[in-house]
Amino acid sequence: METVQEEVKSHEPRSALAAGADGLEAYWNLFRQLKRSRKLFPQDLMLFIEIDPAQITSIRELILHDFPLAKMEIKKDLEGHDRIVIIKL
């Protein structure tokens, strides 16, 4: 948290900035909860998540760990960096 820019700290939730060693702890928890409760959701389900471009490989592995048949689409931000992952379950 010491290295995060002040304008980022003042606009982003703390849980988004301090999300474990790789920054994906919140998504790890979300996917585990979703897997446990999958029957409560519609059969066709889409998730949209925002990532740091450096997390692309890790997030793919994380998603496929719990949802091996998931289809993923990566959208780039305005600077051309991988930013949004659309997950179809």
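If you're wondering where the values come from, they're calculated on a predicted model, not measured in any experiment.
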- Message: Within the supplied structure, the quantity of interest is the number of heavy atoms (other residues, nucleotides, ligands) at a distance under 6.0 Å from His65 NE2; does it exceed 12?
- Response: no
How many angstroms lie between [atom1] in [X] and [atom2] in [Y], if you round to the nearest 0.5 Å?
{"X": "Ile56", "Y": "Met72", "atom1": "CD1", "atom2": "CE", "value": "8.5 Å"}
{"X": "Leu62", "Y": "Thr57", "atom1": "CG", "atom2": "OG1", "value": "12.5 Å"}
{"X": "Leu69", "Y": "Lys88", "atom1": "CG", "atom2": "NZ", "value": "15.0 Å"}

[X] vs [Y] side-chain heavy atoms within contact, under 4.5 Å:
{"X": "Arg38", "Y": "Leu89", "result": "yes"}
{"X": "Arg83", "Y": "Leu78", "result": "no"}
{"X": "Met46", "Y": "Ile86", "result": "yes"}

- Check whether any side-chain N or O of Gln55 sits under 3.5 Å from a backbone N or O of Asp52 as a donor-acceptor pair, and report yes or no.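 Yes.
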- Candidate pair Ile51 and Arg60, rule side chain to side chain contact (heavy atoms under 4.5 Å, CB included), full reasoning: CA-CA 11 Å; Ile51 59 163; Arg60 280 186 176 135; over 6 Å; no
- Note on the structure: Looking only at heavy atoms, the pair that brings Tyr27 and Glu50 closest together is OH-O, 2.7 Å
- Can you name the closest pair of heavy atoms from Ala70 and Leu64 and give their distance? O-CD2, 4.1 Å
- Task: Show your reasoning for whether side chain to side chain contact (heavy atoms under 4.5 Å, CB included) applies to Phe48 and Val85.
- Result: CA-CA 6 Å; Phe48 294 74; Val85 182; over 6 Å; no
- For Ile84 and Ile49, what are the C-alpha separation, side-chain angles and deciding distance, and is it a side chain to side chain contact (heavy atoms under 4.5 Å, CB included)? CA-CA 6 Å; Ile84 301 295; Ile49 62 172; over 6 Å; no
- In this structure, which one of Leu45, Asn29, Leu40, Ile87 forms a side-chain contact (heavy atoms from CB on, under 4.5 Å) with Leu34?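 So, applying the side-chain contact (heavy atoms from CB on, under 4.5 Å) to Leu34 and each of Leu45, Asn29, Leu40, Ile87, only Leu45 qualifies.
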- Query: After noting the C-alpha distance and the side-chain angles of Trp28 and Arg32, does the key distance pass the side chain to side chain contact (heavy atoms under 4.5 Å, CB included) rule?
  - Reply: CA-CA 6 Å; Trp28 186 89; Arg32 295 310 176 289; 2.5 Å; yes
- Ion pair Lys71/Glu73, N-O distance below 4.0 Å: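 No salt bridge links Lys71 with Glu73.
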